2 protein chains.
Amino acid sequence: VNPDLASERQTPSFSVEKLTALLDGGEENTRIRRAVVEAIENDPVFSRENQYFQSQNEKYEAAVRKAVHLQKKMHEMGWTENGPEFKYIYSALSGEIAFLLHSVFMRSISMLGSDKQVAKWIPLATQYQLIGCYAQTELGHGTYLQGLETTAVFDVATQEFILNTPKISAIKWWPGDMGRSATHTVVFAQLYVQGKCYGVHPFIVQIRSLWDHSLCPGVTAGDIGPRMNFEHTDNGYLMLQNVRVPRENMLSKFCEVQPDGTYVRQGSQQINYFTMTAVRITLISYEAVIPLMKACTIAIRYSVVRRQSKLKPGEEEAKILDFQTQQEKLLPHVAAAYAFHFINDYLQDLFNRGYEEIQRENFDMLPELHAFSSGFKAMVTQHCASAVKVCLLACGGHGYSLLSGLPSLCTKILASCIYEGENTILFLQTARFLIKCFMAASAGHPVPPSVTYLAAVKPGKCPAKNKLDFLSPDIYTNAYQHAAVRLISSAAAKLQDLIQSGVKKHDAWNECTVQLVQAVKAHCHYLTVKNFVETVERLETKGGIQRIMKHLCDLFALHGIFSNTGAFLHDGYISGAQMDMVTASYLDLLAVIRKDAVPLVDAFDFTDKTLNSALGSYDGQVYQRLYEWAQKSPTNTQMNPAYERYLKPLLHKKLAKL
Amino acid sequence: VNPDLASERQTPSFSVEKLTALLDGGEENTRIRRAVVEAIENDPVFSRENQYFQSQNEKYEAAVRKAVHLQKKMHEMGWTENGPEFKYIYSALSGEIAFLLHSVFMRSISMLGSDKQVAKWIPLATQYQLIGCYAQTELGHGTYLQGLETTAVFDVATQEFILNTPKISAIKWWPGDMGRSATHTVVFAQLYVQGKCYGVHPFIVQIRSLWDHSLCPGVTAGDIGPRMNFEHTDNGYLMLQNVRVPRENMLSKFCEVQPDGTYVRQGSQQINYFTMTAVRITLISYEAVIPLMKACTIAIRYSVVRRQSKLKPGEEEAKILDFQTQQEKLLPHVAAAYAFHFINDYLQDLFNRGYEEIQRENFDMLPELHAFSSGFKAMVTQHCASAVKVCLLACGGHGYSLLSGLPSLCTKILASCIYEGENTILFLQTARFLIKCFMAASAGHPVPPSVTYLAAVKPGKCPAKNKLDFLSPDIYTNAYQHAAVRLISSAAAKLQDLIQSGVKKHDAWNECTVQLVQAVKAHCHYLTVKNFVETVERLETKGGIQRIMKHLCDLFALHGIFSNTGAFLHDGYISGAQMDMVTASYLDLLAVIRKDAVPLVDAFDFTDKTLNSALGSYDGQVYQRLYEWAQKSPTNTQMNPAYERYLKPLLHKKLAKL
C-alpha cells in the first residue's frame, strides 16, 4: 500500500466496519453483499477488465454474454429473485448487462395483463423462450404519453389489432434491448375502434423470429447509434407497417376490446403510478448514490496519494487533500452521499408502507409517494451528476483518463437526469403537490405528514449567536424549513396574484415554474437535512459512528447554506453577520472531516474490481496502475497504420531532399 | 425547412447579418471566414461525417491524414501562417487534427532557443522533416513545474546531457502527438552539472527514427490510453534510460552550460509568462466560447422543433422553448456566449497592447495580463462547461445521443477546465494579484486600471425602486462592483486577521482560499458585465443590433444576480424586496428574448457540417436526420455476432423443449 494512503487509515475516529454495516442495514447484509460481489468478481465471464478499451459492438456482446451467463450463475449459487442476494447482483455487475428491459416487459404484463395473459406470457418470459422489451418512447414523444402517435386499429373481421407507425416522429426510439436482441415487445399505441380513439394502450408484439432472429413481416428495427454511455445496451428503434396481432395481445387488466368492438374499462389504474414510483426510488440508489460513492472513493484516495505544490516552504509537496479548496470540492459530496443514502432508506420505508396500504386497496398515500419519488429522483440525480463531475475535475488530468473510472461514472449518471422522467418535469410534478398542500394547509385542511410544516409558518429570525450555534441541528433545520416555506408560499402567492389579475391558469403556472422548481428543491433539501438529523439521533454511540455522522450531517447542512446563501438571507432570517458564522463553521468542519476522509470512503466498501479505477484502488498504487493499464490499450497493442500511410511518405519525402 | 423553425426566423428584431459581422469584427472577416470554412468543408479529406462512429484508432488515423493534407491545402489555397485566413482554419476543422503540438514544439524553440538553435531546428520543423511535441507534464507532476523529476546530467567528457526517468512518477505523461507520431520532443528536466541541480530546463530529444519510426535506443514511449474525448490525439508517455543528447540540444536563450560545465544565466525569462498568457487567451475563444455557441445553436433550434405537452388545453403540444423553465435553462447561456465573446475581444486587445509594450522591453503590463488571462480562462471555461452540459440535458434523451453533437462538445470542454492551468489554481493566481492590488489601493498606491475600482469602496445601498430600474446598466454594474469589492476586502481582512493572530502566512493563505476563489469569480464577473455594457454603448443603433444586445446584456447581468443572490443580499446592498424586482425583471426578459432566440443563434453562423448535429441543423429536420444517421452506425451495418454465439443457443434450447 502506498504509504501516504496507509497513513490515512492509522487513526480513524470511528469503526469503519461498523459504518459499513450501518450503510448495509446490518452486518448480515454486509456478509451477503460481499459474498455476491465475490462470486461475481471471481467469475471471468463478468470481468470488466477491458471495459475502457471496447467498442460499442464489443460491449454489447459482453453484456449479452453476461446476461445469458447470469441465469446459469444464479442457478449454481442458489440465488433467486426473491432471495436476499438478488438486490446486490445488479450493483456487483455495475449494470453492464443486457436484457434489463426483459424484466420491465415482464413487469408490465404482470401489472397490466389479465390473469390469462399473465398465465400465458410470464412462464415463457421467465424461461427465456423469448426476449422482451418495452416500446413506449417515440422519436417525437417522450414524457407526454398522450402524445404518442403509434396506432392500433381494431379489425372486427379478423379479431386483430393492426399496428402502424404513421409518420417518422412516431418511430419507437430508445427502448433498451430492442436494437438487436428482443424478440417481443410491449408497444404503447393509440387504440382505435370503429374510428374512435380510446387513447394509449399496451400491446404485445413479436418483432423478431424465434428461429433465425430475422425481423417479422412489417417490422423495421435497429440500433439508434452511439450514446454518451450505455454502449453495452442496444437501444433501438421500431417501425410497424400493418403489423397484425390477435385481440388477446392487448394487455387487458384494466381495459378490454370485446369481440364485437365494445370497449370496456374496468378496475383502477392508479396502481400504474406506483410502478413509476418504485422505479424512481430504486434508481436513486443504484444510478445516483452508489455512483457518487464510487466517485468520492476514487477522488479522495487519489487526493492523498497525489502531491502537488508546497504548502509550507522547505517541506515536500503537499497531499492535494490538504488544500482547503480540494477539501471544499470533495468533502461536502462525501457528506451528500451519506445524506442521500439515508433519505433513500427513508423513501424505501415509506414505499414499503405504501405498498402494504395499496394491497389493502387504500390509495391515500399515493400522491405523497408520487411527489416524494419525483422530487427526490430529480434532486438526488441532479446533485450527484454535478458532484461526480466535480470529483472528476478534482483529479485533474488523470481524472479525465477513462482509466480513472470517473468519465464513465460521469457520463452514465448524466442520463439519470433524463430517464424515468426528465428532472425539470419531475420537479414540477412535486410542485403541483406542494402547492395543493400549501393551499390546503393555509385553509386549515389536513395534509400528508411530510408537508405539515407548511402550516406552521412562523416569522422570526435565526437565534444563532456564534459560529458554534450553527452546529446545532435545531438551528440549521429550522433555517431550511423557513427557507422552504418562504419559497413555496411566495410561489403560491405569485400564482394566485396572476390568476386574480386575469392571467389564464395554465399561463400563470408557466410564469411561476422557475420559482416553483426552486421551491421544490428547497423542500427536498429541507427533508434531506431533517432526515439526516433524525438518523444521527438514532445511531448508537459505540464505535464513534454517531460522532462522525454528526459531523457529516453538519457539513451537509452548512454546505447547503453556504452554497445558497441568498435563500436564507432574502428575508433576513439569517443575517449577513450570521452568514459569516456559517462560513466559519463550515470551513472549520472541512478541516475536522479531512482527518477521516479516507476511512469515510473506505466504509463504502467497494472492491477494486467494482471501482475499476487506476486512481482509486485500495492500495493507492496510482502511477503503477495507470502505466500498466495503458499498455493494454488497442492504440498500443495494434500496429499504427497511419505511419505507413501518412507519416512515412511525409517524413521520407523530406529526408530524401536532404 | 421545418415550419416550426422557419416561423421563428420571420420577424427578427435585428439584422442577423449585421450581428454576424459584429461577432467577426467586420464584414470582411465574415467573408474570409466563410471562404475558409467552405474550402475545408468541401474537401472530403476533412469530412467529419463518420466522427461519431469511429474508434480511437480510426480517429487518430483521420487526424493524421488531415494534418498531412492540410499542408497541401494551405499551399493550394495560398493560406499562410501570417495570413488573415489562418485563424479560421483550426475552428473550421473543429480541432480534430493531429500535430497541434508540433507548433508548440516550434514555439518553444523559437522562444527558448538561441539564434543558432532556431536556425537549425525551425526550418527542419517547418518543412516537416521531423514531427515535434512537447514533454513537460509527468505522471506525478503537473502544475508545479519545480517538482518535475526527469533528470539531465551533464557529462563533461562527452559534452552530452544524459537524460533519465528515475522513477515511475517521472514518466512523461499526456503530451499530445507523443504516443504514436512524434519523432522529436522538447523534454523538461532537472539539470545537473557536477552534482549540482540547476532546476528545470528544456532539451531537444529525438525519440523515434526518421527512417522506420522505431523508438530510439533508451526510449520507451506509447499511448496513455483512452480519454473522455480527444480520441483523435495520441497523448503519450515517455521514459528515458541514459539517453544522450549533445550539449547543443539544451535550449539556451536564457541559460547555457558551457563546455567546461560552467552554468550561465542570461536575459530575462519574464517573457515565458507571456506565452502562457497568449495560449490561455486563445483557448478561451476556441475551446470554450465557440463550443458554447455551438451548443446553444443546437439546443435552441431543437427547442423550437420539439413539441411536448400542452401549454393550453385543447391546443397542439407546445414548442418546448415556450416553457419558462426551458427559456431559463438556455437563454442566459446565449447571453453568456455573447458576453464571453466580447470579454475575449477585450482581452485580445489588451494582449496586443501588452505585446507591443513587451517588444519595447516594458514588462509593466505583465502581472495584470497574467491575472486577467488566468482568471478569465478559469471563469469562462468553468461557466461554458456547465452551460454546455445544461444545453445537453435541455435536449432530453436526444441530447444524450452522440448524433446530437452535444456529448462530444460536453466532454471536450470539460478538459479545458484542467489543461493550461487547472482552474482552481488559476483562480488563486488571480487572487494573489487582487489581494496585492487591494493592499496597494488601500494604502493609496497606484494600481493597474482594471482594479482601480478596489480603491473606490463606498458604502451605500442599491437605489433601485422598481423592476425597470434593474434594466439600468448603472444599477446592476454598481451592484456587481459592490459585491466584488466586499468579497475581496473581506477575504483580505480575514487573511490579515489570521496572520496578525499568529497563523503562519502560507497556512493563513490556505485557510482563505475558498473565499478568495469566490472573490476572484466576482471580480471577473463584474468586469465581464462592465465590458458588455461598454460594448453595447459603442454599438451602432442601425439594424436593431444595439437594442437586442442591450437585452442580452441585461439578461446576462440579471441572471448572474438571480443565480447568486446571496452575494448581493449579504450586506443589504440589495434588499429582499429589491431582489424580488430583479427576479421579476429577469423573468420578463426571458419572454422578450425568447422571440429572437433563433435569429440570435443563427447569427453565430455555423454551417451544418460544423455543427455536425442531427438536432441542430439549419433546416430543423431533426427526426429525419436522427433516423438516417443511426443507419450508418456500425451496430447496424455489421452483423450481430452475439446472436449466433449467445442468443441463438438460449432461444433454441428453450424452443426445442416446447
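Here the structure is a predicted model, which means the values were calculated and not measured. Letters A, B, ... mirror the listed sequences (proteins, then strands); counts begin at 1.
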For each of [options], tally heavy-atom pairs with chain A at distances under 4.5 Å, and name the one with the top tally.
options: B/S490, B/P313, B/A63; value: B/P313
options: B/M579, B/E317, B/K505; value: B/E317
options: B/K648, B/K494, B/Q624; value: B/Q624
options: B/L393, B/D571, B/D234; value: B/L393

Rounded to the nearest 0.5 Å, what's the gap from [atom1] on [X] to [atom2] on [Y]? Could you check?
X: A/H398; Y: B/I418; atom1: NE2; atom2: CD1; result: 11.0 Å
X: B/N57; Y: A/N640; atom1: CG; atom2: CG; result: 7.5 Å
X: A/L406; Y: B/M228; atom1: CG; atom2: CE; result: 9.0 Å
X: A/H213; Y: B/E644; atom1: NE2; atom2: CD; result: 10.5 Å
X: B/N510; Y: A/F323; atom1: CG; atom2: CZ; result: 6.5 Å

Q) Do the side chain of A/D223 and the main chain of B/T635 share a donor and acceptor less than 3.5 angstrom apart? A)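 Side chain of A/D223 to backbone of B/T635: no pair is present.
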Is [X] in contact with chain B via its backbone, its side chain, both, or neither, using a 4.5 Å heavy-atom distance?
X: A/I171; result: side chain
X: A/C512; result: backbone
X: A/R180; result: both
X: A/L139; result: both
X: A/T565; result: both
X: A/R307; result: backbone
X: A/K389; result: side chain
X: A/Y237; result: side chain
X: A/F99; result: side chain

Q) Taking side chain as C-beta onward, heavy atoms only, is A/M239 less than 4.5 Å from B/Y627? A)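 Touching, per the 4.5 Å side-chain cut-off.
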Q: Assess whether side chain to side chain contact (heavy atoms under 4.5 Å, CB included) is satisfied between B/L651 and A/Y128, documenting all intermediate values.
A: CA-CA 7 Å; B/L651 294 170; A/Y128 270 114; 5.8 Å; no
Q | Closest heavy-atom pair and its distance - A/A642, B/Y60 | A |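 Heavy-atom minimum between the residues: CB-CE2, 3.8 Å.
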Q: Mind listing the closest non-hydrogen atom pair of B/R306 and A/G142 along with its distance?
A: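 It is NH2-N, 3.3 Å.
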Could you have a look at [options] and say which one has the most heavy-atom pairs with chain B under 4.5 angstrom?
options: A/S408, A/G225, A/A630; value: A/A630
options: A/T183, A/T583, A/T143, A/L403; value: A/T143
options: A/S404, A/G566, A/A577, A/S386; value: A/G566
options: A/Y419, A/W629, A/W173; value: A/W173

Q) Salt-bridged, A/K329 to B/E422, with N to O below 4.0 Å? A)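 Judged by the 4.0 Å cut-off on N to carboxylate O distance, A/K329 and B/E422 do form a salt bridge.
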Q) With B/S209, which residues qualify under side chain to side chain donor-acceptor pair (under 3.5 Å), at least two apart? A)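 Listed in chain order: B/D212.
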**Q.** Residues in side chain to side chain donor-acceptor pair (under 3.5 Å) contact with A/S169, at least two apart in sequence or another chain
**A.**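 With sequence neighbours excluded, A/S169 shows a side chain to side chain donor-acceptor pair (under 3.5 Å) to A/E149, given in chain and number order.
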(Q) Under the criterion side chain to side chain contact (heavy atoms under 4.5 Å, CB included), I'd like the reasoning laid out for B/Y52 against A/R227: C-alpha separation, chi angles, the key distance, then a yes or no. (A) CA-CA 9 Å; B/Y52 303 125; A/R227 284 87 49 199; over 6 Å; no
(Q) Under a 3.5 Å cutoff, is there a donor and acceptor pairing between the side chains of B/D580 and A/H570? (A)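 Checked: B/D580/A/H570 side chains pair up, N/O donor to acceptor below 3.5 Å.
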Q. Under 3.5 Å, is there a donor-acceptor pair linking the side chains of B/E138 and A/Y623?
A.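 Judged by distance alone, the side chains do not pair up.
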Q) After noting the C-alpha distance and the side-chain angles of A/E328 and B/T513, does the key distance pass the side chain to side chain contact (heavy atoms under 4.5 Å, CB included) rule? A) CA-CA 10 Å; A/E328 214 268 323; B/T513 46; over 6 Å; no
Q) Does the side chain to side chain contact (heavy atoms under 4.5 Å, CB included) test come out yes or no for A/I131 and B/L647, once each step is laid out? A) CA-CA 9 Å; A/I131 299 165; B/L647 294 179; 3.5 Å; yes
